[in-house]
Participant: 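Right, I'll just put the structure down here and ask away after.
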Amino acid sequence: MDSFDNFHSSEKAEASELQRMIAVEQQKAQFQAQVHSFTDICWDKCVESPGSKLDHRTETCLVSCVERFIDTTLTITNRFTQMVQKGAH
Amino acid sequence: MDGQGGAADPQLQQFIEVESQKQRFQQLVHQMTEVCWEKCMDKPGPKMDSRTETCLGNCVERFIDTSQFILNRLEQTQRSRGSSSESMMD
């Protein structure tokens, strides 16, 4: 019966290590999904016809695109939150 | 632990309701962000200008108005057709 306690604590340690690993992988996956999403959106906005290299104007547009898209998401979230709070549902 | 196998835990139910509401909210925000980004953002610039901000605000409100309008119209149509089946609007 004294090995029972050891079994319990090592099991717990494994479980929480596994939880931690899963959380890290989830975070990585979320980040990747976000990168894909931005690439999609900003490709559409910034790349007209693909040239022989990524020119400076396109790069600038891409940087602006990511930032403006984040701004847009915040603006819309705030406005929509306002509307919901006013009961315009 | 209650012995009522069929009865749901009200606390759990409330939790689920709140989480579902959050999810619906998030989904709408996502949808509107996509739609309004297309409508209002031409070429992304170095900063968010007031014209784009105004457009985004209008976009959200008009989108909600549009959904509501279509919903009302559909309900009207269903009523006037004397549909005996259950309402499709839940």
Side-chain angles (χ1 to χ4, degrees), chain A residues 8 15 19 22-23 25-89, chain B residues 12-76 78 87-90:
Chain A
H8 238 262
Q19 254 190 327
I22 289 172
E25 289 305 309
Q26 271 182 329
Q27 224 173 32
K28 282 195 217 168
Q30 259 181 322
F31 181 82
Q32 295 257 37
Q34 191 71 281
V35 170
H36 275 257
S37 170
F38 277 132
T39 303
D40 233 339
I41 290 162
C42 297
W43 170 269
D44 280 340
K45 283 291 180 197
C46 295
V47 180
E48 228 102 319
S49 56
S52 55
K53 65 177 179 67
L54 202 61
D55 65 30
H56 177 70
R57 196 162 65 153
T58 310
E59 287 202 343
T60 308
C61 177
L62 291 171
V63 172
S64 301
C65 176
V66 175
E67 297 183 358
R68 297 297 76 72
F69 189 81
I70 292 171
D71 291 342
T72 302
T73 307
L74 288 173
T75 301
I76 288 180
T77 304
N78 290 336
R79 180 58 72 99
F80 188 53
T81 305
Q82 256 174 36
M83 290 180 72
V84 168
Q85 279 172 348
K86 280 192 195 147
H89 201 224
Chain B
L12 180 60
Q13 265 201 314
Q14 222 226 347
F15 173 78
I16 290 171
E17 181 54 41
V18 168
E19 289 302 308
S20 302
Q21 216 173 45
K22 282 194 217 169
Q23 189 189 39
R24 285 196 296 269
F25 181 88
Q26 295 256 37
Q27 272 176 328
L28 253 173
V29 169
H30 265 262
Q31 192 187 8
M32 283 195 286
T33 302
E34 220 178 281
V35 163
C36 298
W37 171 264
E38 281 310 311
K39 282 284 178 206
C40 296
M41 186 62 79
D42 193 20
K43 262 282 198 286
K47 63 177 183 66
M48 185 66 107
D49 64 36
S50 69
R51 196 167 66 155
T52 312
E53 281 239 46
T54 307
C55 178
L56 292 173
N58 291 337
C59 179
V60 173
E61 296 185 359
R62 297 300 76 72
F63 187 84
I64 303 279
D65 289 344
T66 305
S67 299
Q68 196 61 53
F69 182 85
I70 291 176
L71 184 67
N72 292 340
R73 218 19 174 272
L74 282 172
E75 276 180 337
Q76 234 176 53
Q78 201 187 27
S87 173
M88 55 177 165
M89 313 297 164
D90 243 55

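Scope of the values below: all heavy atoms of this structure, side chains included, with no hydrogens, waters or symmetry mates.
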Participant: For the residue pair V60(B) and M83(A), establish whether any side-chain heavy-atom pair is separated by less than 4.5 Å.
Facilitator: yes
Participant: For residues F80(A) and I64(B), determine if any side-chain heavy atom of one lies less than 4.5 Å from a side-chain heavy atom of the other.
Facilitator: yes
Participant: Any chance you could measure S64(A), atom OG, to M41(B), atom CE, to the nearest 0.5 Å?
Facilitator: 9.0 Å
Participant: Looking at CE of M32(B) and OG1 of T77(A), how far apart are the two atoms once the value is rounded to the nearest 0.5 Å?
Facilitator: 8.5 Å
Participant: So which part of T75(A) gets closer than 4.5 Å to some heavy atom of chain B, the side chain, the backbone, both or neither?
Facilitator: side chain
Participant: Are more than 12 heavy atoms, taken from residues, nucleotides or ligands other than Q27(B), located less than 6.0 Å from that residue's CD atom?
Facilitator: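 Enclosed.
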Participant: Using a 6.0 Å cut-off, check whether atom CD of Q27(A) has over 12 heavy atoms from anything other than its own residue.
Facilitator: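 Open.
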Participant: Return the CD1 to OG1 distance between I70(A) and T33(B), rounded to the nearest 0.5 Å.
Facilitator: 12.0 Å
Participant: Let me know if E61(B) has heavy atoms under 4.5 Å from chain A in its side chain, its backbone, both or neither.
Facilitator: both
Participant: More than 12 heavy atoms of other residues, nucleotides or ligands under 6.0 Å from CD of Q14(B): is that the case?
Facilitator: no
Participant: Please assess W37(B) against T73(A) for the test side-chain contact (heavy atoms from CB on, under 4.5 Å), listing each intermediate value before the final yes or no.
Facilitator: CA-CA 9 Å; W37(B) 171 264; T73(A) 307; over 6 Å; no
Participant: Identify the heavy atoms of G45(B) and R68(A) that sit nearest to each other, and give their distance.
Facilitator: O-NH1, 2.8 Å
Participant: Does K43(B) use its side chain to pair, donor to acceptor, with the backbone of K45(A) at less than 3.5 Å?
Facilitator: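 Yes; at least one donor-acceptor contact below 3.5 Å.
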Participant: Considering only heavy atoms, which portion of F63(B) lies under 4.5 Å from any heavy atom of chain A: side chain, backbone, both, or neither?
Facilitator: neither
Participant: Mind checking whether K47(B) and D71(A) have side chains closer than 4.5 Å, heavy atoms only?
Facilitator: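 Not in contact.
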Participant: For atom CZ of F69(B), decide whether the heavy atoms of other residues, nucleotides or ligands shown that lie under 6.0 angstrom number more than 12.
Facilitator: no
Participant: Got more than 12 heavy atoms from elsewhere within 6.0 Å of CG, D55(A)?
Facilitator: yes
Participant: How many angstroms lie between CD in E38(B) and CD1 in I41(A), if you round to the nearest 0.5 Å?
Facilitator: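 These two atoms lie 8.5 Å from each other.
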Participant: Would you mind checking which part of T81(A) comes under 4.5 Å of any heavy atom in chain B, side chain (CB onward), backbone (N, CA, C, O), both or neither?
Facilitator: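 Contact with chain B is through both the backbone and side chain of T81(A).
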